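Worksheet for the structure shown next.
Treat the numbers as computed from the prediction; the structure is a model and nothing was measured.
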Amino acid sequence: SSAASDVYKRQGQNYLVALSEDNVYALAAGAYYVWTLCDGAKTVEQIVKNISTELSSLPEGDKVSESELKEPVALIIDQLARVGLVKYMS
């Protein structure tokens with residue numbers, strides 16, 4: 001998947017991502033983070049691995065396994081793709 005735009009700013013708890021002046025999306029912090037990892041080169045599995053690796057630096061109680069992350073990350077990417085913020089690459 002690849003990020004379609006890099007025009008963004010933070011507003012409150014959300015990040016605003018603009019595809020155009022009329023096409024602006026408010027993303028929650030988690031969705032925004034996943035979107036920033038969608039660089040057109042990483043697979044969904046690689047994105048999940050990156051997030052899992054970063055979370056592993058947190059205290060033991062906050063660790064999340066790759067298997068626990070896969071479904072929510074895939075759902076976020078599907079939602080981002082549905083509105084045109086990422087595209088699946090073949």
Side-chain angles (χ1 to χ4, degrees):
S1 33
S2 74
S5 170
D6 61 358
V7 179
Y8 58 87
K9 66 179 180 179
R10 187 154 187 191
Q11 181 179 50
Q13 295 296 316
N14 291 324
Y15 290 83
L16 300 181
V17 178
L19 294 179
S20 69
E21 200 172 299
D22 299 325
N23 228 351
V24 180
Y25 297 93
L27 301 181
Y32 176 78
Y33 177 64
V34 171
W35 178 75
T36 64
L37 294 174
C38 295
D39 61 4
K42 292 183 191 79
T43 64
V44 173
E45 290 76 20
Q46 289 169 321
I47 291 169
V48 167
K49 189 173 189 66
N50 281 18
I51 294 170
S52 180
T53 300
E54 289 194 27
L55 289 175
S56 70
S57 65
L58 298 174
E60 189 63 39
D62 294 323
K63 285 188 182 177
V64 182
S65 71
E66 286 182 39
S67 60
E68 291 174 287
L69 286 170
K70 187 169 182 155
E71 185 178 343
V73 169
L75 287 172
I76 290 170
I77 293 172
D78 283 343
Q79 291 170 344
L80 293 171
R82 198 172 304 130
V83 298
L85 288 174
V86 298
K87 294 178 185 163
Y88 284 102
M89 310 295 279
S90 33

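Using a 4.5 Å cut-off on side-chain heavy atoms (C-beta onward), V83 and L19 make no contact. The side-chain heavy atoms of V64 and I51, taken from C-beta on, include no pair separated by under 4.5 Å.
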**OP:** Test I77 against Y88 for side-chain contact (heavy atoms from CB on, under 4.5 Å), laying out the working first.
**Re:** CA-CA 9 Å; I77 293 172; Y88 284 102; 3.3 Å; yes
Original post:
What's the verdict on side-chain contact (heavy atoms from CB on, under 4.5 Å) for L69 and L55, showing C-alpha distance, side-chain angles and the deciding distance?
Top reply: CA-CA 11 Å; L69 286 170; L55 289 175; 4.1 Å; yes
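Checking each of I76, I47, V44, L85 against C38 for a side chain to side chain contact (heavy atoms under 4.5 Å, CB included) leaves exactly one that passes, namely I47.
In this structure, CG in L37 is found 14.0 Å from NZ in K49, a value given to the nearest 0.5 Å.
Counting only N and O atoms by type, the side chains of Q79 and Y25 include no donor and acceptor under 3.5 Å apart.
A donor-acceptor pair under 3.5 Å links the side-chain atoms of S56 to the main chain of T53, judged by distance alone.
In plain terms, the two heavy atoms of V48 and E66 that are nearest each other are CG1-O, 3.5 Å.
For S65, the side chain to side chain donor-acceptor pair (under 3.5 Å) criterion is met by S67, E68, not counting sequence neighbours.
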